[in-house]
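Every value quoted in this text rests on a predicted model; they were computed, and no experiment measured them.
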Amino acid sequence: MSCAVRYYSRTGNTKALADAIAEATGTRAISVDAADAAVPAPVDVLFIGGALYAYGIDSHLKGYLKSLKSHDAVEAVVFSTSWVSKHAIDLIKKGLEEAGIPTADDVLYVRSKPDADHLKEAAVFALRFV
Ligand SMILES: Cc1cc2nc3c(=O)[nH]c(=O)nc-3n(C[C@H](O)[C@H](O)[C@H](O)COP(=O)(O)O)c2cc1C
């Protein structure tokens with residue numbers, strides 16, 4: 001089963017989850033503003049994560065979601081970090097819905113900076129989808 005991991009992270013918290021997911025699934029986590037962020041070939045599972053900033057998601061992630069096509073992934077799995085609110089998950093899911101990519105009901109969410117246990121949890125979570 002093929003997968004890809006994409007994320008946007010300003011201060012590293014969401015990147016830590018992305019890296020744990022990527023390591024568990026044997027791929028590389030790529031920031032959505034990287035030159036190679038486009039999904040090169042359709043994947044079974046696209047893990048996609050972002051954080052909440054002033055009750056919104058970063059414009060880089062918004063733009064990336066808009067660039068996605070329905071054939072890029074069979075299913076997307078969303079992960080996020082924030083201080084309190086899980087609203088980024090809703091916003092990312094909305095972008096995926098607009099792109100025509102179905103999203104898994106289960107999501108991964110951690111408050112602020114993931115610790116070692118959270119990173120283990122992220123790996124276990126990711127392996128359920130691949
Ligand atoms: C400018 C700014 C605005 C934020 N706004 C919110 C917010 O509205 N609600 C919330 O729960 N967390 C908010 N946060 C907390 C971030 O979502 C949280 O620190 C997150 O883990 C950052 O992820 P990152 O390290 O991947 O960038 C904000 C953080 C910053 C720096």
Same cluster or not: are [X] and [Y] linked, directly or through other Ile, Leu, Val, Met, Phe, Trp or Tyr residues, by side-chain heavy atoms under 4.5 angstrom apart?
X      : Y      : answer
Leu96  : Val39  : yes
Val78  : Tyr109 : yes
Val124 : Met1   : no
Tyr55  : Val84  : no
Tyr8   : Ile57  : yes

With a 4.5 Å cut-off on side-chain heavy atoms, are [Y] and [X] touching?
X      : Y      : result
Ile21  : Leu108 : yes
Ile92  : Leu61  : yes
Phe129 : Asp106 : yes
Pro114 : Asn13  : yes
Leu65  : Ile48  : yes

Can you check whether Ser2's main-chain N or O pairs, donor with acceptor, with Asp44's side chain at less than 3.5 Å?
->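 Looks like yes, one N/O pair under 3.5 Å.
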Atom of [X], atom of [Y] and distance for their closest heavy-atom approach:
X     : Y     : value
Gly49 : Thr14 : C-CG2, 3.8 Å
Ser80 : Gly50 : OG-O, 2.7 Å
Leu91 : Gly56 : CD1-CA, 3.8 Å
Ser82 : Leu52 : CB-CB, 4.0 Å
Ala22 : Ala29 : CB-N, 3.4 Å
Phe79 : Val5  : CZ-CG1, 4.3 Å

Mind checking the NZ-NE2 spacing from Lys113 to His118? Nearest 0.5 Å is all I need.
->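 The NE2 atom of His118 is 12.0 Å from NZ of Lys113, to the nearest 0.5 Å.
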Supply the atom-to-atom distance Glu75 CD to Ile101 CD1, rounded to the nearest 0.5 angstrom.
->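 So the gap between those two atoms works out to 11.0 Å.
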Crowding at CD, Glu23 (>12 non-hydrogen neighbours, <6.0 Å) |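 Atom CD in Glu23 is not packed in, count stays at 12 or less.
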Going through the distances and angles, do Leu119 and Leu17 end up as a side chain to side chain contact (heavy atoms under 4.5 Å, CB included)?
-> CA-CA 6 Å; Leu119 299 180; Leu17 289 185; 4.3 Å; yes
Does Lys93 come within less than 4.0 Å of Glu97, counting only side-chain N to carboxylate O?
->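 Salt bridge flag = no for Glu97 with Lys93.
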Under 4.0 Å between a Lys/Arg side-chain N and an Asp/Glu carboxylate O for Lys15 and Asp19?
->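 Answer for the salt bridge query: yes.
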Establish, yes or no, whether the cationic atom of Arg6 lies under 6.0 Å from the six-membered ring centre of Tyr64 and within 45° of the ring axis.
->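 Output no; distance or angle outside limits.
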Leu46 and Asp72: CA distance, side-chain angles, deciding distance, side chain to side chain contact (heavy atoms under 4.5 Å, CB included) verdict | CA-CA 8 Å; Leu46 172 64; Asp72 283 331; 5.7 Å; no
Side chain to side chain contact (heavy atoms under 4.5 Å, CB included) between Phe47 and Thr27, intermediate numbers included = CA-CA 11 Å; Phe47 293 94; Thr27 185; over 6 Å; no
